[in-house]
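Just so you know, these numbers use all the heavy atoms, side chains as well, and skip hydrogens, waters and symmetry mates. In this text the structure is predicted, and so the values were computed from the model without any measurement.
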Protein chains: 2
Amino acid sequence: MEVSAQQPKPQFNAFAASCPSRRLLDTIGDKWVSLLIVALGLRGPLRYSELSSQIAGVSQKMLTQSLRRMERDGLVTRTLTPSVPVRVDYELTSLGQSLLAVMSHLKEWAEVHMPQVEAARATYDAANR
Amino acid sequence: MEVSAQQPKPQFNAFAASCPSRRLLDTIGDKWVSLLIVALGLRGPLRYSELSSQIAGVSQKMLTQSLRRMERDGLVTRTLTPSVPVRVDYELTSLGQSLLAVMSHLKEWAEVHMPQVEAARATYDAANR
DNA sequence: CAGCATCCCAGGCGATACTG
DNA sequence: CAGTATCGCCTGGGATGCTG
């Protein structure tokens, strides 16, 4: 944690560190976490191996780490089936689903406004060449 | 960029890398960017030095870098007043304000549901000690 | 199959010093 | 005042190898 005890300039930092929205961003700002929420939201419960193959590019370290974090935060459930080869399924909790709903709004905003952002970038880059 | 040209497993990665919502998360997932949006949203146009003092803990490197990024993305305008000591004001564009609106929903969700998340964490930590 | 442990490197970020 | 430039640390995260 960067803010330990008595912060020197507490004006906005106090707000930042303790603010729920800040902590939420810590969660969904994570690349894999947000992808996992979407994946699990779209396709229901998924096995570890399914997640691994569907979310291309994720290392198993990050996959496990992200899933643990989400489990800890109550966003997913982890169901272990002790069959011959072990089977583990991950599923969004209702809390996770409500978060998915919020993220859909993000997605919506993005789809509507990202073209403007892209345009702004092009303009900016053209000017500063 | 992690995905350069031909990705090996394009299933979800293609979606991820090119998806507008993914790119939006790249933006608002940034700690300082999100803080800056909120700060500028709450308190109107702010000078560089005001931002620097109000958002405690930010280095001027990150402050400048974040502001540049936001300017490039069309989220803020940068107004230079060539007075004796230079004066620079940053202000949310309408695009930036619409993003602020979306982030308010995040904030709302967070305020409502973060207690559940905290509770889940406590339970999880208690179980795995 | 579903992980955990270890090693290791790139680059993100803070600290510091300098400029128009 | 509002930055840019440089350096160096430190950690996030990929790669690899091992286990129940």
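- In this structure Ser66(A) satisfies the side-chain contact (heavy atoms from CB on, under 4.5 Å) test together with Asp30(A), Trp32(A), Val33(A), Leu36(A), sequence neighbours excluded.
- Evaluation of the side-chain contact (heavy atoms from CB on, under 4.5 Å) rule for Glu108(A) yields His105(A) as partners, not counting sequence neighbours.
- Side-chain atoms of Thr64(B) do not come within 3.5 Å of backbone N or O of Lys61(B) as any donor-acceptor pair.
- Applying the side chain to side chain donor-acceptor pair (under 3.5 Å) rule to Thr79(B) yields no partners; only residues at least two apart in sequence or on another chain are considered.
- Applying the salt bridge (Lys or Arg N to Asp or Glu O under 4.0 Å) definition to pairs two or more places apart or across chains, those involving residues 83-93 of chain A are Arg87(A)-Asp89(A).
- The side chain to side chain donor-acceptor pair (under 3.5 Å) test applied to Gln65(A) returns no partner, not counting sequence neighbours.
- Using a 4.0 Å cut-off between charged side-chain N and carboxylate O, Arg43(B) and Glu50(B) make no salt bridge.
- The outermost nucleotides of DNA chain D lying under 4.0 Å from heavy atoms of chain B, listed 5' to 3', are dC1(D) to dT4(D).
- For Ser49(B), the side-chain contact (heavy atoms from CB on, under 4.5 Å) test picks out Arg47(B), with sequence neighbours left out.
- For the segment residues 59-88 of chain A, residues with any heavy atom less than 4.0 angstrom from an atom of DNA chain D are, sorted by number, Ser59(A), Gln60(A), Lys61(A), Met62(A), Val86(A).
- Under the 4.5 Å side-chain heavy-atom criterion for ILVMFWY residues, no single connected hydrophobic cluster contains both Tyr124(B) and Met70(A).
- Judged by distance alone, with hydrogens and angles left aside, the side-chain atoms of Thr93(B) form no donor-acceptor pair with the main-chain N or O of Thr77(B) at under 3.5 Å.
- Inter-axis angle, ends of the helix from dC1(C)-dG20(D) to dG20(C)-dC1(D), five pairs per end, rounded to 10 degrees: 50°.
- The side-chain contact (heavy atoms from CB on, under 4.5 Å) search around Gln97(A) returns Leu92(A), not counting sequence neighbours.
- You can see that DNA chain C meets the heavy atoms of chain A within a 4.0 Å-exclusive cut from dC1(C) to dC4(C), reading 5' to 3'.
- Gln116(B) meets the side chain to side chain donor-acceptor pair (under 3.5 Å) test with His113(B); sequence neighbours excluded.
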